[in-house]
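Computation of the quantities below employed the complete heavy-atom set of this structure, encompassing side-chain atoms and omitting hydrogens, waters and symmetry-equivalent molecules. Positions are given from 1 along the sequence. Just so we're clear, the structure is a prediction, and the values are computed from it rather than from any experiment.
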Amino acid sequence: MPAMLVQFLVAMTATISFSVLFGVPRRYYFYCGVIGAAGWAVYCALLDASGAAIASLAATMAVIFLSRLAAIWQHCPVTIFLISGIFPLVPGAGVYWTAYYLVTDELELAVENGYQAVKIAFAIVLGIVFVFELPQKLFLMLLGRRK
């Protein structure tokens, strides 16, 4: 199996697992998984060409865009898809290694990892803000619904 397909399926499984932990209703598991995996696919596709922060920004924008569409389509709150879908993009390993390097007194590596984690976290926040600023009418129009 190609590596990208494996990563897509793992991201989907991880997102669904987080959805279970987060208490998402069972009928939304598949949508959460697809949204999280799509975000991870965007991240992987852009990582080498643009770096982790830009790839995270684009992936977050894709996740939020798809989450807003799914929320309208399924008549439920967007946070169901947003929180679950963003899970694969969160820089947890970067924060872990920053703390590890601080404790082991490797300050240069701590700063490097910490700075990268902060850039990714900031990119995630910007991606959420950018897509939430799009008018609701756009998403209704894309789904062929009128308000």
Side-chain angles (χ1 to χ4, degrees), residues 1-104 106 109-140 142-143 145:
M1 221 179 336
M4 187 64 177
L5 180 60
V6 170
Q7 287 194 26
F8 185 87
L9 293 174
V10 169
M12 185 174 185
T13 303
T15 304
I16 291 171
S17 299
F18 187 73
S19 299
V20 172
L21 183 67
F22 184 61
V24 170
R26 187 179 303 247
R27 66 182 174 269
Y28 302 129
Y29 288 169
F30 177 75
Y31 303 110
C32 290
V34 169
I35 290 169
W40 185 252
V42 170
Y43 176 80
C44 289
L46 298 177
L47 183 60
D48 290 335
S50 62
I54 299 298
S56 294
L57 174 68
T60 300
M61 291 173 73
V63 166
I64 306 310
F65 190 85
L66 293 172
S67 294
R68 288 191 67 187
L69 284 175
I72 292 170
W73 188 41
Q74 294 296 309
H75 303 285
C76 64
V78 71
T79 54
I80 287 175
F81 306 107
L82 181 150
I83 293 173
S84 300
I86 211 80
F87 174 71
L89 303 174
V90 174
V95 174
Y96 169 82
W97 286 111
T98 300
Y100 175 80
Y101 290 133
L102 280 171
V103 170
T104 59
E106 297 183 55
L109 289 172
V111 169
E112 183 180 323
N113 279 279
Y115 182 62
Q116 184 68 17
V118 167
K119 285 193 314 186
I120 292 169
F122 190 69
I124 289 171
V125 169
L126 283 178
I128 292 170
V129 169
F130 288 162
V131 178
F132 265 115
E133 288 300 315
L134 296 175
Q136 184 77 359
K137 288 181 182 180
L138 172 68
F139 295 94
L140 291 169
L142 287 172
L143 291 172
R145 298 188 179 165

N/O donor to acceptor pairs below 3.5 angstrom from side-chain atoms of residues 12-22, sequence neighbours left out:
unit_1 : atom_1 : unit_2 : atom_2 : d
T13    : OG1    : L9     : O      : 2.9
T15    : OG1    : A11    : O      : 2.7
S17    : OG     : T13    : O      : 2.8
S19    : OG     : T15    : O      : 2.8
S19    : OG     : S84    : OG     : 3.1

For residues 113-129, which side-chain donor-acceptor pairs fall under 3.5 Å, sequence neighbours excluded?
unit_1 : atom_1 : unit_2 : atom_2 : d
N113   : ND2    : L109   : O      : 2.9

Side chain to side chain, F132 and R68, heavy atoms closer than 4.5 Å: yes
Spatial distance of atom CG (L82) from atom CD1 (I80) [nearest 0.5 Å]: 11.0 Å
Under the ring pair (Phe, Tyr, Trp, His ring centres under 6.0 Å) test, residues paired with Y28 that sit two or more places apart: F81
Throw together a table of side-chain donor-acceptor distances under 3.5 angstrom for residues 30-41, partners on residues two or more places apart or in other chains.
unit_1 : atom_1 : unit_2 : atom_2 : d
Y31    : OH     : Q74    : NE2    : 3.4
W40    : NE1    : Q7     : OE1    : 2.9

Nearest heavy atoms of V24 and Y29, plus distance in Å: O-CE2, 3.2 Å
Results of ring pair (Phe, Tyr, Trp, His ring centres under 6.0 Å) for Y100 - residues two or more places apart only: W97
Could you pull out every donor-acceptor pair under 3.5 Å between side chains of residues 46-63 and any protein atom, sequence neighbours left out?
unit_1 : atom_1 : unit_2 : atom_2 : d
S50    : OG     : L46    : O      : 2.7
S56    : OG     : A52    : O      : 2.8
T60    : OG1    : S56    : O      : 2.7

